[in-house]
There are 2 protein chains.
Amino acid sequence: MGSVTKLRAAPAARVKSAAVKVDKKDLPLGRILDGDCVEAMRSLPDNCIDLIFADPPYNLQLGGDLNRPDGSHVDAVTDHWDQFDSFGAYDRFTRAWLTEARRVLKPDGAIWVIGSYHNIFRVGALMQDLGFWILNDIVWRKTNPMPNFRGTRFTNAHETLIWASMGEKAKYHFNYRAMKTLNDELQMRSDWVLPICSGGERLKDDAGHKAHPTQKPEALLYRVLLATSEAGDVVLDPFFGTGTTGAVAKRLGREWIGCEREDAYRKVATARIAKELPLDESAITTMQSKRDAPRVAFGAVVEAGLLPPGTKLTDKQRRWIAEVRADGSIACGALTGSIHGVGKELQGAPSCNGWSFWHYEAADGLKPIDAARQTYLLAVED
Amino acid sequence: MGSVTKLRAAPAARVKSAAVKVDKKDLPLGRILDGDCVEAMRSLPDNCIDLIFADPPYNLQLGGDLNRPDGSHVDAVTDHWDQFDSFGAYDRFTRAWLTEARRVLKPDGAIWVIGSYHNIFRVGALMQDLGFWILNDIVWRKTNPMPNFRGTRFTNAHETLIWASMGEKAKYHFNYRAMKTLNDELQMRSDWVLPICSGGERLKDDAGHKAHPTQKPEALLYRVLLATSEAGDVVLDPFFGTGTTGAVAKRLGREWIGCEREDAYRKVATARIAKELPLDESAITTMQSKRDAPRVAFGAVVEAGLLPPGTKLTDKQRRWIAEVRADGSIACGALTGSIHGVGKELQGAPSCNGWSFWHYEAADGLKPIDAARQTYLLAVED
DNA sequence: GGATTTGGTGAATCAGCTG
DNA sequence: ACAGCTGATTCACCAAATC
């Protein structure tokens, strides 16, 4: 077999300085770190995490839930005549863990946070303040929400997730093709219809009570991880709970790290993830977008004899005819250049994908030259 | 993660003096106030408004031009009124208008704000900071959103509305029964599926271009006003635009006041509202008792404008005539209820399928209202 | 006249690599 | 930092034109 001609450059370095590149072996992969999530994250190096999924508490009132950035405990506010103390405490807590999350994330990492109207607006605003760049807000539309028993409001039938990159110009990962495939060949939308976690998936303690009050459905994590991480990526969940993130990460071939300070949850999560089996590698492999495929120069297709010099190309409506030249450029009258540039000029368009614009006469009719590229790719693939 | 408990909010800001009751006649009802909304609201007395609907600038931060895959150009929102220098500037703007909105609202008044992920988190957090008590966040799921042309993110297919009262202990108005009626006898949920504003509803200028870049669908305002205001209430819209709020308020028998600083928008809105006809009082009357409740999604067909309130229905033999009301119930003389229930009573039958029993006058003759339902289903199916 | 095709468009934070 | 080149990428609905 011939060697694969990959015109694509090496993938961009994921961290700015190779000197601070962290060896995955030095990370506590597949472990649940004990204790407060801010403290736990402090034990991790900078720029080592590919993706964070966070399901923080909504609660301002429960004693012991909140700690200040310095680790000291925030007293529960029982006299709530001053709202700013309550919201302020929640904001300090949120800012503390988001700051630490930002430190451990790689420059091309991303973060997901889920919440309800009680907390998500504060979380979202703080994320923006800290420099995170919101990519989408996602609505998890519950098929089976709890009704509003008193008939006083609309049924609260959804929760909101925020997906953000490290900054306005930061890179991030989005498996567009995998999401489109998952959604019956339509773009995946920002509203996801999924049932709440119940039935056999809902973990129970020895007494038969639910092990955790807010266990998230695995389908939700499945979609999050499939959409925005790659196999082998390191996924961190600072509020690990019963370990839904870890279980789905293991299944999908992602590495994971959790933070959880409740012994009971850690125990349940550990047992749960131990039972989880990783999927076969071929099952994890997702549809690639063309953007991720190796780039092929038109000249290579010409060189390989698939569209030899002198071949006549035309557009679908046969408005123009161009001729392939030996160097992989094409000529249409006096106009010469790349397949893209000539197509663009002829149409007066802002841009043009020459692979789909130009066609050639095949035995079974007019075909886009992209077909020749596909043939070429199959031929050179090992 | 702890158990889910509500965040605490500020005590409701109470009216300083109950003696200062405002006479509606002293308010600029049915008028669009010229100028900046903060200045305009300053001309209103304290505690005079029942409901505010606000569609503030979203502070979109767009990059360069965007083209569709077919090369056509996307007409983006680049208007000067949507430009802010920073999050800080946007926050100051938001705090200013929300503060004034809070002053003019009655103690049992409420506010709706619509936004996208660009601004809604900041708006929601500031609302909480100012003492507003969030009652629901509502997701407007668009049936026909603009796709993500570059395949870089999830299709941004929804916008978010926040509904809030004046404070944790404040009273507010919610027409639970009307919403349940509108939703086929199921509690109305926090996710609303509605198409974007297009077609004949979309206002155009003399040159045929859209009169406003972000005109909201009337069905959205219809649901907001029907759910959280009463006939005769005073509704204020600080960002009036082309006056969707005013048009629907007039139709539903609510008083309205707008603020708008752009001459062109004021002009379009004035002409639009002048053409709007108030519905008959009986059509506006909403169902308050379960006994009279229809059990159908007929309300959604009404809301969509396919069979607007006031429409006359008759049976095939034209023996009876009934009138459609705003919440999807119908009235035939003193008899009111669902399309099924009223039809059943009139015929003295054990049951009646209202969809086939009732007819409306279409351009091409008498048609069963099921035809309108089919049209509706085609429109909203996703 | 009805069915089909074609074209237009909507609140959008919409590319990545090389030189 | 910036310019230039390559080439990847769209869904639902409406309206007008065409068959």
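Computed over heavy atoms, backbone and side chain alike; hydrogens, waters and symmetry mates excluded. Note on naming: letters A, B, ... go to the chains in the order of the sequence lines (proteins, then strands), and numbering restarts at 1 for each one.
- The base-pairing partner of D:dA12, taking Watson-Crick or G-U wobble contacts with both distances under 3.5 Å, is C:dT9.
- One finds a side-chain N or O of A:His340 lying less than 4.0 angstrom from the OP1 or OP2 phosphate oxygen of D:dG7.
- For an aromatic pair to be called close, the ring centres must be under 6.0 Å apart, and A:Trp133 with A:Tyr172 fails this.
- Atom pair A:Asn353:CG and D:dT6:P shows a separation of 12 Å (rounding to whole Å applied).
- Both A:Leu186 and A:Ser351 lie near DNA chain D, and the one whose nearest nucleotide falls closer to the 5' end is A:Ser351.
- D:dG7 and C:dC14 are spaced 23 Å apart, taking the P atom of each and rounding to whole Å.
- As the counterpart of C:dG2, D:dC19 is assigned, both hydrogen-bonding distances of the Watson-Crick or G-U wobble pattern falling under 3.5 Å.
- In summary, the side chains of B:Arg202 and B:Ser198 do not present any donor paired with an acceptor at a separation below 3.5 Å, with no hydrogens or angles considered.
- Test B:Asn148, B:Val139, B:Thr155, B:Asn156 against A:Ser190 for side chain to side chain contact (heavy atoms under 4.5 Å, CB included) and you get one pass: B:Asn156.
- Base engagement by A:Ile134 is indicated by at least one non-hydrogen atom pair under 4.0 Å involving a base atom.
- Counting any heavy atom pair closer than 4.0 Å across all strands shown, B:Asp55 reaches a base atom.
- Among the heavy atoms of the strands lying under 4.0 Å from A:Cys352 is at least one base atom, whether or not backbone atoms are also near.
- In this structure, B:Pro217 reaches neither bases nor backbone, as no heavy-atom distance under 4.0 Å exists between it and the strands shown.
- D:dT6 is paired with C:dA15 under the criterion used here, namely a Watson-Crick or G-U wobble arrangement in which both key atom distances are under 3.5 Å.
- Remark: B:Glu218 engages B:Arg272 in a salt bridge, criterion side-chain N to carboxylate O under 4.0 Å.
- C:dG1 and D:dA17: their C1' atoms are spaced 15 Å apart (whole Å).
- Residues from residues 145-160 of chain B that place a heavy atom under 4.0 Å from any atom of DNA chain D, listed by number: B:Pro145, B:Pro147, B:Asn148, B:Phe149, B:Arg150.
- Judged as a salt bridge (Lys or Arg N to Asp or Glu O under 4.0 Å), the pairs with a partner in residues 127-138 of chain A (not counting sequence neighbours) are, in order, A:Asp129-B:Arg122.
- For the OP1/OP2 pair of C:dG10 and a distance below 4.0 Å, the side-chain nitrogens and oxygens of B:Lys210 include at least one atom meeting the criterion.
- Rounded to a whole Å, the CD atom of B:Gln83 is 12 Å from the C1' atom of C:dA11.
- Neither OP1 nor OP2 of C:dA15 sits under 4.0 Å from any side-chain N or O of A:Tyr176.
- Across the C1' atoms, D:dA1 and C:dG16 are found 16 Å apart, a figure rounded to whole Å.
- Residue B:Phe53 forms a side chain to side chain contact (heavy atoms under 4.5 Å, CB included) with just one option from B:Thr244, B:Val224, B:Val248, and that option is B:Val224.
- Here the separation of D:dT9 from C:dC17, taken at their P atoms, is 15 Å to the nearest Å.
- One distance of note links CD1 of A:Ile369 with OH of A:Tyr360; it measures 9.5 Å at 0.5 Å rounding.
- Rounded to whole angstrom, the span from the CG atom of B:Asp65 across to the P atom of C:dT9 amounts to 15 Å.
- We find that NZ of A:Lys180 is positioned 8 Å from P of D:dT9, with the value rounded to whole Å.
- For B:Thr214, taking side-chain heavy atoms from C-beta onward, the closest of the listed nucleotides C:dC14, D:dT9, C:dA11 is C:dA11.
- In this structure, B:Trp140 has its ring center at least 6.0 angstrom away from the ring center of A:His158.
- If you measure from atom CE of A:Met179 to atom P of D:dT9, you get 15 Å, rounded to the nearest angstrom.
- Of all nucleotides listed (D:dC13, C:dA11, D:dT10), D:dT10 comes nearest to the side chain of A:Gln187.
- Counting heavy-atom neighbours within 6.0 Å of A:Glu303 CD, excluding the residue itself, gives a total of 12 or less.
- Remark: B:Ser72 is not in phosphate contact with C:dG8, judged by side-chain N or O atoms under 4.0 Å from OP1 or OP2.
- Backbone-only engagement by B:Gly200 is indicated by non-hydrogen atom pairs under 4.0 Å involving sugar-phosphate atoms exclusively.
- Distance B:Asp75 CG to C:dC14 C1': 16 Å, rounded to the nearest Å.
- Distances shorter than 4.0 Å separate some side-chain N or O of B:Arg202 from OP1 or OP2 on C:dA11.
- The C1' atoms of C:dT9 and D:dT10 are separated by 11 Å, rounded to the nearest whole Å.
- Across all strands, A:Arg177 comes closer than 4.0 Å to no nucleic acid atom at all (heavy-atom distances).
- Spacing between atom CZ of B:Arg68 and atom P of C:dT9 amounts to 7 Å, rounded to whole angstrom units.
- Taking only side-chain atoms of B:Ala76, from C-beta outward, the nucleotide of D:dT10, C:dA12, D:dA8 with the closest atom is C:dA12.
- For A:Glu185 and D:dC11, the CD to P distance is 9 Å, given to the nearest whole Å.
- Remark: A:Lys171 is in phosphate contact with C:dC17, judged by side-chain N or O atoms under 4.0 Å from OP1 or OP2.
- D:dT6 and C:dA11 have their P atoms separated by 35 Å, with the value rounded to a whole Å.
- Between B:Tyr265 and B:Phe240, the ring centre distance reaches or exceeds 6.0 Å.
- When each of A:Ser356 and B:Ser198 is assigned the nucleotide of DNA chain D bearing its nearest heavy atom, the one mapping closer to the 5' terminus is A:Ser356.
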